[in-house]
> 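First the structure, then my questions, so here it is.
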Amino acid sequence: MEAVAFFAGAIGALGGAIAVVGLRNPFYSVLALVVHLVSLAGLFLLLHAEFVAAAQVVVYAGAVMVLYVFVAAYVGGIQEPVWEPIPGQRLLAPLLGGALFIELSIAVLGSSLRALGDEGPTIPAGFGSPEQIGTVLLERFLIGFEAASMLLLLAAVGAVVLAGRKREGEEAASEEATS
Amino acid sequence: MAVEWYLVLSALLFAVGAGGVLIRRSPLVILLCLELMLNAGNLALVAFSRMLGNADGQVFALVVMVVAACEVVVGLGLIVAIYRRRLPLNVDELRGLRG
Amino acid sequence: MINSVLWTPLLFGILGLFVPRRWAGWVVVGGAAVTLGLAIGLLAGFDSGASGLQDTVDVDWISGLGVSYSLGLDGLNVFLMMLTALLWLPAVAFAAMRQPDRPHLYFLMLALGETATLGAFLAQDLLLFVLFFDLMLVPFYFLFGAWGQDRPDGTTAVAATMKMIVYTLIGSLLMLVAAIATAILAADGGQLSFSIVDLQQNVLSEGSQRWIFWFFAAAFLVKMPAFLLHGWMPDAYRAAPLPALAVFSAVLSKVGAYGFLRVVLPLFPDATIEFQEIVLVIALASILYGSVMAFTQTNVRLIAGYSSVAQLGFITAGIFALRPDGADGALLQMVNHGLVVAPVFLIIAVLAERAGTEDLREMGGIALRAPVLAAMFLIVTLATLAMPGSANFIGEFYILNGLFQAKIVFAFVAGAGMVLAAYYALRLYQRTMHNRKPEPIDSRDLGWRDAAVLVPLVGCIVALAFYPQLVLKRTDAAVGNQLRQAQRVDSNRPLTWQRGRESEAASISDSARPSGSGAAAS
Amino acid sequence: MNFNAPDIDYAALSPVIALTGGICVVLLAGVFDRVRRAVPLLTLLTLGAAAGLFIWQWGERKDLVAGALRLDELAVAVALIAILAAAFCVLISVREPAVSQAGSGEYHVLLLGSVLGMTLLAQAQNLVSFFIAIETLSVPLYVLCATNLRRAESLESGLKYLIIGSMGSATLLYGLAFIYGGSGSTDFTGIAAGIGKEGVLGDPLVLVGIALAATGLAFKISIAPFHQWTPDVYQGAPTPVTAFMAVATKAAAFAVFVRFFDVALAPEAGDWDVALAVLATASIAVGNIGALGQDSLKRLLGYSGIAQAGYMLGGLVVASEAGINALVFYLAVYSLMNLAAFAVIVARERETSFGDEIRAVEGLGSERPLLAWPLTISMLALAGLPGTAGFIGKLYLIEALVDGDYTWLGVAIAVGTMISLAYYLRVVAAIWMRPAEDTAVTAEVPAVAGASPEADPIDADAGGRWYLVGPALLAAAATVFFGVIPQPLVEWAEHAGAALSQFLP
Amino acid sequence: MSATTYAWLVLLFPLGGSIVIALGYRTWSGRTAGWIGTGAIALSFVNAIAAFVQLQGEPAKARHLTSTLWDYANAAGLDIKLGILVDPLSVFMILVVSGVSMLIHLYSVGYMGSDRGYTRFFSYLNFFVFSMLLLVLAGNFVLLIVGWAFVGFASYALISFWYRRATATGAGMKAFVINVVGDVGLVFAAILIFRELGTFDYLEVFDRAPGGFHTNEWTIVAICLLILVGAFAKSAQLPLHTWLPDAMEGPTPVSALIHAATMVTAGVYLIARTHPLFELAPTAADIAAFTGLATLLVAGSIALVVTDLKRIIAYSTMSQIGYMVVGVSIGAYSAGLFHLMTHAFFKALLFMAAGSVIAAMANRQDIDRMSGFGRAMTFTSVMLIIGSLALAGFPFTSGFFSKDAILSYASTRGGMYEIFTVLGYVGALMTAIYSFRIVFRVVAGEPCSEAEELAETGHVVHAEPENPATGDVEDTDVGFPGPEHHIAEQAPTMRMAMGALAVLALIGGVLQIPGVDDAITKFLEPTFEDSALAAIQPSVGDEWRDLTIGGAIAVVGIFMAYLLYVARPASTAVLVRRLRPLHTFLVNKWYFDELIDVAIVRPALAVGSFCNRVFERLVVQGLVAGTVDVVRGAGGVVRTAQSGFVRSYALLLIGGFTGLGLYFLLSSS
């Protein structure tokens with residue numbers, strides 16, 4: 001049962017990922033990413049990470065993806081030329097991707113850590129529950145938590161700076177550039 | 001299922017994401033691919049967390065989600081700024097700086 | 001006292017920044033004069049019999065790194081200090097009379113150059129030595145680059161200077177690594193010290209000595225410059241402003257040779273003996289190649305430049321004879337060559353002003369109405385070619401003697417250098433001063449101001465010719481000191497003269513043993 | 001399940017808190033037109049307060065907030081460097097076009113945010129705070145790089161930095177995940193204990209994790225072959241931001257690099273030291289070679305930064321107290337040297353129509369000696385010539401290297417320095433040995449032929465403004481001062497090394 | 001005052017004279033400088049006489065006085081003192097040198113009267129005398145080398161005295177460089193002596209030498225050969241002689257003083273001085289003797305054909321020095337030195353007379369253009385004849401006694417040394433012929449136009465000054481042979497000097513007439529007392545036999561010259577035609593210059609040009625350029641990689657990681 005769930009999730013996550021990379025229209029890529037994220041959330045559930053899975057769906061697939069969709073709609077369809085201007089890139093990119101995968105897999109499979117080979121230890125009830133996560137977060141990772149909030153603030157400020165109100169003179173500059 | 005499986009899947013996702021950055025030219029899609037890579041990391045973290053029976057990894061994964069969100073926000077902001085500035089939304093054409 | 005000698009020039013250089021342009025140069029001249037006075041004071045108080053350091057200053061500078069600010073005088077550097085102080089004065093005065101543009105910077109750099117050079121000679125801490133050794137380049141980079149002349153063929157002064165700096169720093173930086181390695185290996189986990197005297201106590205293993213030796217040698221040989229490493233010299237010499245070039249060629253090149261004596265011989269005796277012949281070959285190649293190049297050049301600066309290559313070859317050969325007579329001669333010759341080359345370049349400046357060219361083929365007949373100039377140049381020329389009767393001859397004689405006793409074949413080859421020297425030096429004199437005067441050349445005698453610069457210098461050459469013992473008396477003890485390590489390693493090398501037959505017998509019995517040096521080292 | 005609130009040492013956290021408070025204040029101040037002019041001042045005050053509090057905490061060595069952070073001299077030293085760089089950046093940002101583009105409040109908030117990230121990073125002692133801090137450092141920088149929205153280069157540099165930076169973060173994250181998996185802990189000391197165990201030591205999982213983490217960190221400090229963003233981003237970003245980035249990012253990233261590798265990964269030191277040494281050599285080569293023939297000063301400094309990072313990495317490779325001392329010393333010196341140079345570049349950028357091209361400083365020696373000297377000293381110091389702190393820094397590094405049996409890396413530094421002379425001295429030559437370009441004089445006319453239409457307005461007196469000349473002179477004077485009297489700085493750096501000595505292998 | 005004090009004074013006056021003249025170069029008007037110079041040398045001569053008197057006052061055994069001023073260079077075991085040795089040999093030399101110098105100075109006061117470099121000339125000339133005296137008085141080898149080099153320099157300075165002539169400066173350079181070769185030889189000799197004996201001091205060296213060396217041991221032979229390099233370079237012996245004929249570019253008094261009377265004989269002095277060493281190395285001594293013999297023959301043969309008046313005399317000088325070298329090498333020390341002295345008299349006289357003639361010819365020196373000066377310049381002609389008679393060894397002139405003393409000694413020593421006697425007579429025949437070739441060409445015959453004008457108007461011809469060697473028109477400013485050199489007839493000082501020398505040349509032989517007296521041998525005895533060879537003395541009968549043969553040969557030679565140049569003037573042309581190859585060979589001076597050119601000068605220049613054009617450019621600069629190119633090329637690679645494509649940066653990042661990861665995987669256990 002668990003295996004089936006895993007493979008379903010894995011296929012969803014992988015398929016989504018490949019679709020993100022492979023689809024020509026960015027809008028579809030965004031949608032594919034949503035599929036990927038949701039599948040991943042399923043895998044998180046299998047790993048007893050309920051809170052993470054929930055956050056994944058709510059925050060990520062929900063909020064963040066909405067941003068993507070907006071922007072994708074705003075900037076419109078972007079045509080990517082088929083012609084590859086960088087010599088060797090087309091050959092090397094998949095090659096390196098493959099090599100990367102092989103290396104990481106060797107690291108995982110070649111590791112002598114016993115725990116890798118089984119499902120993991122029996123875990124107490126409530127592992128991964130919001131309560132436990134909350135406790136760990138506030139007891140041990142308070143700084144991370146606080147910093148993350150500052151980071152969000154800063155990112156918001158950054159987004160405002162970059163995409164926010166139009167400032168005087170900007171139109172003029174952009175007109176100049178187009179003319 | 002053994003944790004290995006999750007990790008191998010994570011590695012595959014990481015590689016796919018990396019490959020995507022290498023071959024896609026739309027900054028939007030590149031951002032998506034970066035998401036893929038971070039998510040691969042998250043999967044690994046959660047898998048290890050399961051393996052170790054230790055919730056640290058899950059908390060880490062949550063923090064990574066925040067980070068990913070921040071990167072997305074800033075990245076999208078940049079894309080908008082570039083678009084407003086009437087510059088091509090193709091990373092290959094953004095090569096005024098080189099040499 | 002020794003501190004004030006070292007820092008006075010720089011102090012005056014900085015003072016010079018705050019006076020009007022016209023006076024900037026003269027302030028630095030004043031500084032050089034004060035320095036010379038102080039240096040003479042030090043020389044007067046120098047105890048010529050002692051072989052150790054005198055007038056020492058030793059304070060912690062960077063205790064964390066084991067570097068101390070340590071200065072001292074001994075027979076090795078007392079005359080090089082004098083030489084520096086002595087030559088800087090006329091060079092600065094010569095420049096001050098000609099009022100270069102941007103005088104503030106110009107004279108600050110000259111002053112900094114003097115301090116750095118004095119520092120290199122006086123430093124008794126290996127790292128301080130390296131520091132000053134590198135620092136010397138900075139002012140000359142500015143002087144050559146900013147006040148140098150571009151060549152019609154498109155080589156700019158800046159490019160030439162750049163080549164010089166990069167080239168000479170190759171060695172210097174390797175030397176920095178080597179110096180650090182020396183101290184660390186010698187400390188062997190204990191208290192780190194760069195003091196040269198301390199380092200002499202713990203000689204490194206032969207393996208370490210080998211590479212460290214070459215790192216140091218690279219720095220010193222490039223600086224001189226020695227054969228094959230002189231690639232920077234032609235361009236830099238052609239670009240440089242002559243007053244700066246005078247001190248550069250006269251004094252800075254000596255730092256390399258001095259470094260061999262001060263650092264390499266006592267600290268790396270095994271490597272020194274091992275590589276003696278290689279260095280000697282380089283030295284001889286420098287003598288021959290420098291001479292041959294000097295007599296085929298037509299640019300007057302290059303003749304002087306290549307002649308320096310040859311002369312420094314002699315000096316190196318003297319040092320690497322690894323005998324007191326050779327080293328004494330080398331030290332004397334350093335002083336002599338400095339005393340000679342500085343006026344040569346100043347005279348070249350004077351000649352170029354009269355001829356409007358620096359090409360030998362377009363010069364001639366300047367002696368016509370310039371008897372004083374001709375006489376000065378003649379004396380300098382004769383000293384350059386080490387005419388017997390000059391102190392230069394005594395220097396070369398000692399060097400040849402040392403070389404002869406150490407490696408007879410090398411001595412004969414070096415002897416050929418003396419003949420070639422006669423040719424190129426005299427050729428320079430003749431082609432500029434004698435023969436017919438091409439029309440545009442202005443044969444004017446020295447003005448009183450130039451004479452005031454040149455005549456005392458030539459006076460020094462003549463005075464030293466009468467009494468070279470002035471130098472030898474003071475160097476002898478220290479030289480013996482520097483060679484002690486090498487002697488210890490190679491015990492069959494006699495310190496002073498022995499009856500030929502006795503030393504022959506000694507060497508036979510030594511070679512009968514399995515390994516003379518190995519036995520001594522254990 | 002009962003909740004045990006972690007023990008929070010407010011005194012030790014006070015600098016971080018001050019920074020956070022400052023961010024809020026500045027953000028608010030930026031919103032109101034009345035007080036907007038005071039934003040730079042407020043920023044400086046914030047930085048000053050943080051610096052003061054850090055200095056107050058100097059000498060403390062303790063774990064904070066359940067071991068997430070560690071306050072020690074290394075952290076304080078690096079945080080001070082970052083704050084110093086930020087303060088310089090605030091000064092040289094006055095009248096910077098990018099500030100008005102981004103909005104003064106936002107610009108300075110981002111700056112302070114980045115500083116906050118750096119101070120956290122310097123103290124980070126577990127993987128989560130490490131990762132979040134490095135992102136807090138980076139994300140504002142991505143934005144800052146792009147703040148000159150009118151210039152295509154600025155946006156380009158922002159995007160490039162973001163893409164490569166995120167990729168580096170992802171790699172780092174992946175590595176951290178592996179290390180977490182291998183060691184079972186997120187605390188540095190726990191990791192050290194975990195990977196030091198029999199059976200884990202030398203495990204491929206951990207080693208590949210180290211490789212991934214090394215890649216991510218090496219990217220941050222511009223180590224070849226992960227350096228390629230550096231020249232482009234340095235050149236494209238607004239110059240004050242470049243200055244800040246070049247100095248502070250490097251310092252903070254080095255701090256965590258040291259803490260992570262020399263503490264957490266110390267048991268594996270025998271595996272990573274050679275690899276990092278090779279990377280250091282590669283950086284020295286690539287940085288120095290790439291800088292030759294560059295016409296853009298910022299780009300040149302970018303490449304030079306790659307090379308300098310290579311030198312500094314040596315201090316980490318040897319994993320000794322001396323190495324850390326040397327590294328911290330060099331970081332401080334490196335900051336001074338670069339800040340002086342960037343201040344001058346900013347001045348010339350505003351004063352002439354040549355931007356950051358090397359032409360902009362031609363004839364500077366006779367035109368503006370007060371700018372010429374700092375740049376000259378900076379270049380000579382970067383080249384490691386004696387009389388400047390750069391020489392002492394190299395000496396310190398090489399000494400540590402030789403002491404740690406990495407003499408060949410010391411030789412590589414020497415060789416790299418030789419090559420570097422060619423471009424550093426080229427700048428010096430431009431300053432002193434060339435006449436001023438004619439067009440530099442006609443600075444009043446903004447749109448000279450060939451100038452880009454995006455060219456920022458020209459301020460013909462920029463070279464005389466105190467907030468540009470002052471920092472430049474100050475940094476240059478400090479460079480010379482510590483070149484002549486290095487002992488105080490050496491002692492300062494020695495504290496940093498001593499702070500880690502108990503963890504070192 | 002002791003002899004050494006006088007000796008120091010002997011040195012002091014010329015040096016002081018030189019400096020005083022030089023410093024006052026603007027002050028001295030007219031002939032003041034000449035008189036100061038002459039006076040200084042005269043004082044020096046007086047002191048030399050005083051030293052001689054003092055030395056004779058000492059007992060014979062104690063006639064080796066040394067005196068040291070100060071330590072010159074004393075370190076590392078090399079003890080070099082500024083010291084002199086006063087013994088009969090050095091006193092003999094200072095007498096000859098200062099005496100002849102004084103007369104030549106006197107001559108120059110007149111002769112150089114209108115030269116614009118007058119002061120400079122006397123300063124140089126005084127300096128030369130100082131140097132020469134230093135050379136002979138030096139008490140150790142180093143000081144000897146100093147003097148040796150100083151005379152070389154003085155010679156250079158005076159040869160290229162008219163420095164605007166390229167030929168003069170070239171000749172000066174040649175002389176100097178060859179002399180430096182000699183110096184280097186001496187330096188090595190000194191160093192080798194020091195290595196073996198541990199001292200540079202003459203007396204100590206001679207003292208230790210017999211104990212230090214076996215006869216003909218390689219070291220002592222090497223030392224002697226090195227000394228010979230010095231001696232031959234200075235004394236113009238084969239193959240280092242080529243500078244001497246060219247040295248005739250100098251003013252004639254210079255040729256008389258330096259290149260005839262004094263400096264060139266320094267080699268002879270040196271061999272005599274170091275005779276204890278040579279006697280330990282008979283092989284070296286024989287080499288010296290045979291070289292001297294070869295030189296005397298070669299030079300004599302060349303002198304028969306060259307047409308430049310001064311060059312004939314120069315070759316004759318070489319030839320005569322050959323005799324002296326033979327003499328001192330085979331052991332005839334006093335005879336050799338006796339010949340040195342008489343040669344100084346008559347050769348100086350000859351040069352002075354030649355100078356007078358040349359002045360009358362407006363500086364032309366080709367004897368083919370001269371004739372018939374007998375009437376126009378009676379005094380000069382008489383002097384020329386006296387000098388030539390002495391040179392030819394005409395009975396009872398000074399040359400007659402001195403030259404034959406050498407040959408007589410050789411025949412007495414016997415064995416292979418007979419060769420020297422026989423070939424020495426052959427040389428004597430040539431000497432007689434060429435010396436009277438001069439006389440007959442210049443004095444006899446129809447007066448040439450210059451002679452005629454002089455005889456009729458009493459004025460010397462004023463021609464457009466030209467370089468006798470190249471025919472170029474001279475630049476008429478300082479440093480060119482002044483247009484009005486004086487002839488003896490019109491200059492009393494010249495006449496005084498020549499007259500004195502003529503007397504000496506005629507009667508100088510009386511000092512040592514076999515069977516009558518042997519003043520020189522007696523006087524020099526203390527110096528050579530330890531010599532085995534000096535003890536060999538030909539019997540009076542043998543000597544007179546040889547003198548008779550020599551006298552006969554001289555008469556025959558003069559007669560042959562008469563036949564060739566006076567009785568049948570056309571016969572020379574016939575001879576030249578008949579013996580064309582021989583004549584060409586001789587006129588080209590046995591092709592020595594060409595040989596040296598091909599063997600040494602050209603290779604050196606070729607090496608120089610190779611170094612300059614190829615080595616410096618390709619290797620030395622190539623080393624730099626190559627490195628720069630490599631670095632630049634690498635820079636190109638780095639900058640190409642920096643393509644601006646962010647994706648390629650990402651690629652490198654991933655690639656870099658892959659490599660790094662691979663390394664870690666490989667290093668994992």
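Every chain is numbered from 1 and lettered A, B, ... according to where its sequence line falls, protein lines coming before strand lines.
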> Considering only heavy atoms, which portion of B:A47 lies under 4.5 Å from any heavy atom of chain A: side chain, backbone, both, or neither?
both
> Return the minimal non-hydrogen interatomic distance between B:L32 and A:P26, and the atom names on each side.
CD1-O, 4.4 Å
> Return each pair, listed once, that meets salt bridge (charged side-chain N to carboxylate O under 4.0 Å, His left out) where at least one residue sits in residues 3-24 of chain B; pairs must be two or more places apart or across chains.
A:E80-B:R24
> Using heavy-atom distances under 4.5 Å, tell me whether A:V20 contacts chain B through its side chain, its backbone, both, or neither.
both
> Is it the backbone or the side chain of B:A68 that comes under 4.5 Å from a heavy atom of chain A, or both, or neither?
both
> Step by step, work out the ring pair (Phe, Tyr, Trp, His ring centres under 6.0 Å) result for A:F6 and B:Y6.
CA-CA 8 Å; A:F6 170 76; B:Y6 292 92; 4.7 Å; yes
> In terms of heavy-atom pairs under 4.5 Å, which option from B:G19, B:G53, B:C33 contacts chain A the most?
B:G53
> To the nearest 0.5 Å, what is the distance between CG (B:L13) and CG (A:L104)?
11.5 Å
> Could you report the tightest heavy-atom contact between A:V64 and B:A69, atom names first, then the distance?
CG2-CB, 4.0 Å
> Please answer whether the main-chain N or O of B:I23 pairs with a side-chain N or O of A:Q89 as donor and acceptor at a distance below 3.5 Å.
no
> Quick check on A:F70: does its CZ atom have over 12 non-hydrogen neighbours (other residues, nucleotides or ligands) under 6.0 Å away?
no
> Could you walk me through whether A:V71 and B:Y83 pass side chain to side chain contact (heavy atoms under 4.5 Å, CB included), step by step?
CA-CA 10 Å; A:V71 174; B:Y83 179 73; over 6 Å; no
> Go through the atoms of A:H48 and report whether side chain, backbone, both or neither lie under 4.5 Å from a heavy atom of chain B.
both
> Among A:L162, A:L154, A:L67, A:L152, which residue meets the side-chain contact (heavy atoms from CB on, under 4.5 Å) test with B:V73?
A:L67
> At a 4.5 Å cut-off on heavy atoms, which part of A:I102 comes close to chain B: side chain, backbone, both, or neither?
neither
> Is the distance between the ring centroids of B:F60 and A:F141 under 6.0 Å?
no
> What part of B:V67 gets closer than 4.5 Å to chain A, counting heavy atoms only: side chain, backbone, both or neither?
both
> Go through the atoms of A:F127 and report whether side chain, backbone, both or neither lie under 4.5 Å from a heavy atom of chain B.
side chain
> Against chain A, label B:A61 side chain, backbone, both or neither, depending on which of its atoms sit under 4.5 Å from a heavy atom there.
side chain
> Which atoms of A:Y68 come close to chain B, meaning under 4.5 Å heavy atom to heavy atom: side chain ones, backbone ones, both, or neither?
both
> Report yes if some heavy atom in the side chain of A:F51 is under 4.5 Å from a heavy atom in the side chain of B:Q58; otherwise report no.
no
> What residues of residues 39-46 of chain A make heavy-atom contacts with chain B at a cutoff under 4.5 angstrom?
A:L40, A:L43, A:F44, A:L46
> Any idea which heavy atoms bring A:G97 and B:A15 closest together, and the distance?
O-CB, 3.4 Å
> When heavy-atom pairs shorter than 4.5 Å are enumerated against chain A, which of B:L76, B:L7, B:V29, B:L9 gives the highest number?
B:L76
> Of the backbone (N, CA, C, O) and the side chain (C-beta and beyond), which part of A:Y28 lies under 4.5 Å from a heavy atom of chain B, both, or neither?
neither
> Of the backbone (N, CA, C, O) and the side chain (C-beta and beyond), which part of A:L33 lies under 4.5 Å from a heavy atom of chain B, both, or neither?
side chain
> Is any side-chain heavy atom of A:F101 closer than 4.5 Å to one of B:V16?
no
> Chain A heavy atoms under 4.5 Å from B:L78: which part of the residue, side chain, backbone, both or neither?
both
> Check whether B:L52 gets within reach of chain A through its side chain, its backbone, both or neither, counting any heavy atom under 4.5 Å.
backbone
> Counting only heavy atoms closer than 4.5 Å, note whether B:S49 contacts chain A via side chain, backbone, both or neither.
both
> Test of understanding: with salt bridge (charged side-chain N to carboxylate O under 4.0 Å, His left out), list the residues that count as partners of B:R25, not counting sequence neighbours.
A:E84, B:D92
> What part of B:L43 is in contact with chain A, defined as an atom under 4.5 angstrom from a non-hydrogen atom: side chain, backbone, both or neither?
both
> Is A:Q56 in contact with chain B via its backbone, its side chain, both, or neither, using a 4.5 Å heavy-atom distance?
both
> With sequence neighbours excluded, give me every salt bridge (charged side-chain N to carboxylate O under 4.0 Å, His left out) pair touching residues 52-65 of chain B.
A:R140-B:D56
> Among B:V72, B:I82, B:V74, which residue has the highest count of heavy-atom pairs closer than 4.5 Å to chain A?
B:V72
> Would you call A:L92 and B:L22 a side-chain contact if the rule is heavy atoms closer than 4.5 Å?
no
